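What follows is a short report on a single structure.
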Amino acid sequence: MAAAEPDAKPFFSLESYHVSEELGFILPDPLEELPPYYKPWMDIALRVPELVHSRQLRFLINKMPQLSNRFLLKHRELRLAHLALSVMTMGYMWQEGENNTVETLPRNLAVPYWEVSQRLGLPPILTHADAVLANWKKKDPLGPFDMENLEVLVSLPGGDSTRGFFLVTLLVELAAVPALRNIPAVINGVRCGDTETVAGGLEVISQSIQDMTDKLKLMQVYVEPSVFYGIMRIYLSGWKDNPCIPKGLVYEGVQAEPMEYSGGSAAQSSLLHSFDELFGVKHEAKSGAFLTRMRNYMPPAHKLLITDISLQPSLKSFVQQQGSQRLNQAFQHCVTKLLAFRSYHINVVSRFITVPAARARQLRNQSRELEGGEMISRAPTALEERGTGGSSIMSFLKTVRDKTKGTLLHETSE
């Protein structure tokens, strides 16, 4: 028997990356309450939509005591604190819409928010890791993980559509769990030259990506486009590449200069980054730079996983070298399903941003409000055709989709 190579790598595993076997990147069992000391935060965070509506949110936050973060001892306490401080910050920033923004986040909110963010390795702004991954509970703890049995912990203006947007995105994350579980099998199979194991893992991943697309289709059931565009979108927007806040935001008591952070974005989900690195999708410079920057908005362990996947031997090269029909087909199916997911995401963005933006322009040009158009016509004009993360969204998404298509294996004639 040949001796093991002294520099042989240990088997790749998800254990050290805070990835759950059952829930993937989703935070298991998020807390619903913080220690009593933090009641002033939770009392406001739980009422953000109504306080924005009554124009009282800024007033109440300005009166709020400045609390220490030292009584937040566990990871899930820190995640709930970050979520609560995030929705308070987004409400504070956008309470008056795009025309009466603030340049400074008050010290009593900014300082603890910064400190909690530093402890978690997250930025001081609402992220996908907050609004989706850590913002859920089951109504019946023993019941199914579905829309009827799920609820958000905190929300933003937009009513049922906001709830639907966050929870449908959560179900997309859940659908990806079988794929995440099989990434180590694929990586280890490539290392060992085990064609069948790699093919089997890819077949599971392919089905999982199909399931993600199926869950994404629930957006059209649970989210109203006019509500997303006319109400919700601004509360997901950040202060980088945003004409409403061109210099960024001063976090009072943290530093005197303004800081810039992007708003929440699907690009902050670790899922597609992981698939891109596994399949070898190479993005062009501009979109690639944006995607790389979005990794700074992920929990550090998840960001590290993506980096470590990128350092593994090339899956695509392995597939090309093996000459296995089953393996070739499994790889092609994975990339095809990823391509279909991205194409459908473009469809969703068109329905929720591009079409309402055109409608809003038409209504403003007519200088009158038709029935059902009022909400759209008052939507923020500075963000038309841009994603909440600050990207020029359609050109970005189409470029990313096209680079995914370029990862397909070339058909060879016999």
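Quantities reported herein were computed from a predicted structural model and do not represent experimental measurements.
- Side chain of E260 to backbone of K240: no donor-acceptor contact under 3.5 angstrom is found.
- A distance-only check finds a donor-acceptor pair linking the side chain of Y38 to the backbone of F71 [under 3.5 Å].
- The backbone N or O of E224 lies less than 3.5 Å from a partner atom in the side chain of S161, making a donor-acceptor pair.
- Using modelled atom types, one side-chain atom of S310 and one backbone atom of T307 make a donor-acceptor pair closer than 3.5 Å.
- Identified under the salt bridge (charged side-chain N to carboxylate O under 4.0 Å, His left out) test for residues 173-184, with sequence neighbours left out: none.
- When side chains are defined from C-beta on, V400 counts as touching L291, because their heavy atoms get closer than 4.5 Å.
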Discussion item. Run the side chain to side chain contact (heavy atoms under 4.5 Å, CB included) test on T101 and W239 for me, step by step, so that the C-alpha distance in whole Å, both residues' side-chain angles and the decisive distance to 0.1 Å come before the verdict.
Written reply: CA-CA 11 Å; T101 56; W239 25 100; over 6 Å; no
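- The structure places OH of Y17 at 13.0 Å from CG of L180, a figure rounded to the nearest 0.5 Å.
- Around CG of D402, the count of heavy atoms belonging to other residues, nucleotides or ligands within 6.0 Å exceeds 12.
- Other residues, nucleotides and ligands place more than 12 heavy atoms under 6.0 Å from the CD atom of E148.
- Of the possible donor and acceptor atoms, one in the side chain of R119 sits under 3.5 Å from a partner among the backbone N and O of N69.
- A donor-acceptor distance shorter than 3.5 angstrom exists from the side chain of W94 to the backbone of I234, with no hydrogens or angles considered.
- With contacts defined as side-chain heavy-atom distances shorter than 4.5 Å, the pair V168/K215 does not qualify.
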Worksheet item: Is there a side chain to side chain contact (heavy atoms under 4.5 Å, CB included) between M42 and E33 once you walk through the steps?
Response: CA-CA 8 Å; M42 295 306 295; E33 297 179 356; over 6 Å; no
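- For the pair E77 and K74, the salt-bridge criterion is not met [side-chain N within less than 4.0 Å of a carboxylate O].
- The shortest non-hydrogen separation linking G158 to M232 is CA-CG, 4.0 Å.
- Looking at heavy atoms from C-beta onward, Y235 lies out of side-chain contact with L126 at the 4.5 angstrom threshold.
- Looking only at side-chain heavy atoms (C-beta outward), Q95 and V102 stay at 4.5 Å or farther from each other.
- Here the side chains of E203 and Q207 are not in contact, with every heavy-atom distance at 4.5 Å or above.
- A side-chain donor-acceptor contact under 3.5 Å links D130 and T127.
- Scored by the ring-ring contact (aromatic ring centres under 6.0 Å, His included) test, F59 finds no partners at all (sequence neighbours excluded).
- Not counting sequence neighbours, Y222 has no partner by the ring-ring contact (aromatic ring centres under 6.0 Å, His included) test.
- For the salt bridge (charged side-chain N to carboxylate O under 4.0 Å, His left out) condition, the pairs that include at least one residue of residues 273-290, sequence neighbours left out, are D276-R342, E277-R295.
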Practice prompt. Could you check M90 against L236 for side chain to side chain contact (heavy atoms under 4.5 Å, CB included), going step by step and ending with a plain yes or no?
Written response: CA-CA 7 Å; M90 303 315 267; L236 303 174; 5.7 Å; no
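- Side chains of H128 and S265: no donor on one and acceptor on the other come within 3.5 Å.
- More than 12 heavy atoms of other residues, nucleotides or ligands lie within 6.0 Å of CD in E96, so this atom counts as buried by the packing criterion.
- Between the CD1 atom of I393 and the CD1 atom of I353 there is a distance of 4.0 Å, given to the nearest 0.5 Å.
- With respect to V48, the side chain to side chain contact (heavy atoms under 4.5 Å, CB included) criterion is satisfied by exactly one of V154, I61, T89, V87: V87.
- Applying the salt bridge (charged side-chain N to carboxylate O under 4.0 Å, His left out) test to pairs two or more places apart or on separate chains, those with a residue in residues 36-46 are K39-D43.
- Between H82 and Y113, the gap from one ring centroid to the other is short of 6.0 Å.
- The 12-atom threshold is exceeded at CD of Q118, counting heavy atoms of other residues, nucleotides or ligands nearer than 6.0 Å.
- Crowding of K403 atom NZ: a count of heavy atoms from other residues, nucleotides or ligands under 6.0 Å not exceeding 12.
- Formation of a donor-acceptor pair under 3.5 Å by the N135 side chain with backbone atoms of L153 is found in this model.
- Contact annotation: the side chain of V177 never approaches that of E22 to less than 4.5 Å [non-hydrogen atoms, C-beta and beyond].
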Fill in: Stepwise side chain to side chain contact (heavy atoms under 4.5 Å, CB included) test for V190 and Q312
CA-CA 9 Å; V190 169; Q312 305 306 312; over 6 Å; no
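- In this structure, the side chain of T169 engages the main chain of F165 through a donor-acceptor pair within 3.5 Å.
- Judged purely by atom type and a 3.5 angstrom limit, Q268 uses its side chain to pair as donor or acceptor with the backbone of G263.
- Shown here is H75, whose NE2 atom has more than 12 heavy atoms of other residues, nucleotides or ligands within 6.0 Å.
- In this structure R58 satisfies the salt bridge (charged side-chain N to carboxylate O under 4.0 Å, His left out) test with no other residue, sequence neighbours excluded.
- A heavy-atom distance below 4.5 Å is not found between the side chains of V348 and F228.
- Going from atom OG1 of T197 over to atom CG of L202 covers 11.0 Å, rounded to the nearest 0.5 Å.
- At least one donor-acceptor pair closer than 3.5 Å links the side chain of R76 to the backbone N or O of D29.
- Annotation for K138: atom NZ counts as buried by contact number, over 12 foreign heavy atoms lying within 6.0 Å.
- Using a 4.5 Å heavy-atom cutoff, the side chains of M212 and F275 are in contact.
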